[in-house]
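Written below as structure tokens is the structure these notes are about.
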Amino acid sequence: MLDKSKKERKRNNDIEPLINAQIKYNQVRLIDVSGSQLGIYSSSEALSMAFNAGLDLVLISEKSNPPVCRIIDYGKYKFTQEKKAKEAKKKQHNVTIKEVKMRYKIDVHDYNVRISQALRFLQAGDKVKANVIFRGREIQHAKLAIELLNKMANDLSHIAEIQQPAAKDGKNMIMILSPKKL
């Protein structure tokens, strides 16, 4: 694993940079611990400078000419990169789509239950897929389903906005609502 070629590293999607003896370039542009450029050195000279400082030589950019290396404490560098990745992962919110199913001949109480479900989902930050199901010849009453979905959108307009308007999907009528951005 120490002597991977550039193509093998790309194929394996390695995110680990080359360090110390893994760097096989003739010349490298060297950056010291404080971030100032030291100039262009042979990789063996750069490696010996890093070892004299008690640190590691890490390849930062392969694409530049000559490649850029930096003298840093690799363990500390790796720790900070992992910490940044964890922080970024914490801050992201995965939006899921929750579904509320009903028929176009729904009773008032059942409709209120579906509205409260949708409201709870929207307040949690999820999208809501309102699905009106047709059976048999009920598909002829698509206008009633559209009216029901529009009523639902109006009842939830204070917290939700229509992302996808009511549309037929086989024997179903579907509308997607997403929470309003503050």
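Small disclaimer: the values here were computed from a predicted structure and weren't measured.
Between Thr96 and Lys127 there is no side-chain heavy-atom pair separated by less than 4.5 Å. At least one side-chain heavy atom of Leu30 sits less than 4.5 Å from a side-chain heavy atom of Met49. Under the 4.5 Å side-chain criterion, counting only non-hydrogen atoms from C-beta, Leu119 is in contact with His158. Between Ile71 and Ile31 there is no side-chain heavy-atom pair separated by less than 4.5 Å. Looking only at side-chain heavy atoms (C-beta outward), Leu47 and Phe51 come within less than 4.5 Å of each other. At a threshold of 4.5 Å between non-hydrogen side-chain atoms, the residues Leu122 and Leu156 count as touching. In this structure, Val113 and His109 have side chains that are in contact, with non-hydrogen atoms separated by less than 4.5 Å. Inter-residue side-chain proximity for Ile60 and Cys69 is flagged as unmet; no heavy-atom pair is nearer than 4.5 Å.
Ile176 and Met102 are assigned to two separate hydrophobic clusters, defined by single-linkage of ILVMFWY side chains at heavy-atom distances under 4.5 Å. No chain of hydrophobic side-chain contacts below 4.5 Å, direct or via other Ile, Leu, Val, Met, Phe, Trp or Tyr residues, connects Val128 to Ile174. Residues Leu38 and Val28 share a hydrophobic cluster, clusters being chains of Ile/Leu/Val/Met/Phe/Trp/Tyr side chains in contact below 4.5 Å. Under the 4.5 Å side-chain heavy-atom criterion for Ile, Leu, Val, Met, Phe, Trp and Tyr, Leu144 and Met152 are members of the same hydrophobic cluster. The same ILVMFWY cluster, assembled from side-chain heavy atoms under 4.5 Å apart, contains both Ile115 and Ile106.
A pairwise comparison of heavy atoms in Leu149 and Met173 identifies CD1-CG, 3.4 Å as the closest pair. Scanning all heavy atoms of the two residues, the minimum distance from Gln163 to Ser178 falls at OE1-CB, 3.7 Å. Taking both residues in full, the closest heavy atoms of Ala142 and Lys168 are given as CB-CE, 3.9 Å, listed atom of the first, atom of the second, then distance. The minimum heavy-atom distance between Arg70 and Val33, with the atom names listed, is NH2-O, 3.7 Å. Closest of all the heavy-atom pairs between Phe134 and Ala145 is CZ-CB, 3.4 Å. In this structure, Ile97 and Lys129 approach most closely via the heavy-atom pair CG2-CB, 3.7 Å.
A distance of 7.0 Å separates CD in Gln140 from CZ in Arg137, rounded to the nearest 0.5 Å. In this structure, CD1 on Ile159 lies 9.5 Å from NZ on Lys180, to the nearest 0.5 angstrom. For the atom pair CG of Leu148 and CE of Met175, the computed distance is 8.5 Å after rounding to the nearest 0.5 Å.
Identified under the side chain to side chain donor-acceptor pair (under 3.5 Å) test for residues 98-108, with sequence neighbours left out: Glu99-Asn131, Arg103-Glu138.
Side-chain atoms of Asn52 come within 3.5 Å of backbone atoms of Ser48 as a donor-acceptor pair (strictly under, hydrogens ignored). At distances below 3.5 Å, at least one donor-acceptor pair connects side-chain atoms of Glu45 with backbone N or O atoms of Ser42. Remark: the backbone N or O of Tyr74 is paired with a side-chain donor or acceptor of Asp56 at under 3.5 angstrom.
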Q: Under the side-chain contact (heavy atoms from CB on, under 4.5 Å) rule, what do Asp32 and Gln37 come out as? Steps first, then yes or no, please.
A: CA-CA 6 Å; Asp32 68 356; Gln37 287 194 24; over 6 Å; no

Q.
Please evaluate residues Asn172 and Val132 with respect to the criterion side-chain contact (heavy atoms from CB on, under 4.5 Å), reporting the C-alpha separation (whole Å), side-chain torsions for both, the decisive distance (0.1 Å), and the verdict.
A. CA-CA 6 Å; Asn172 299 331; Val132 178; over 6 Å; no

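Under the 6.0 Å distance and 45° angle rule, Lys151 counts as a cation-pi partner of Tyr111.
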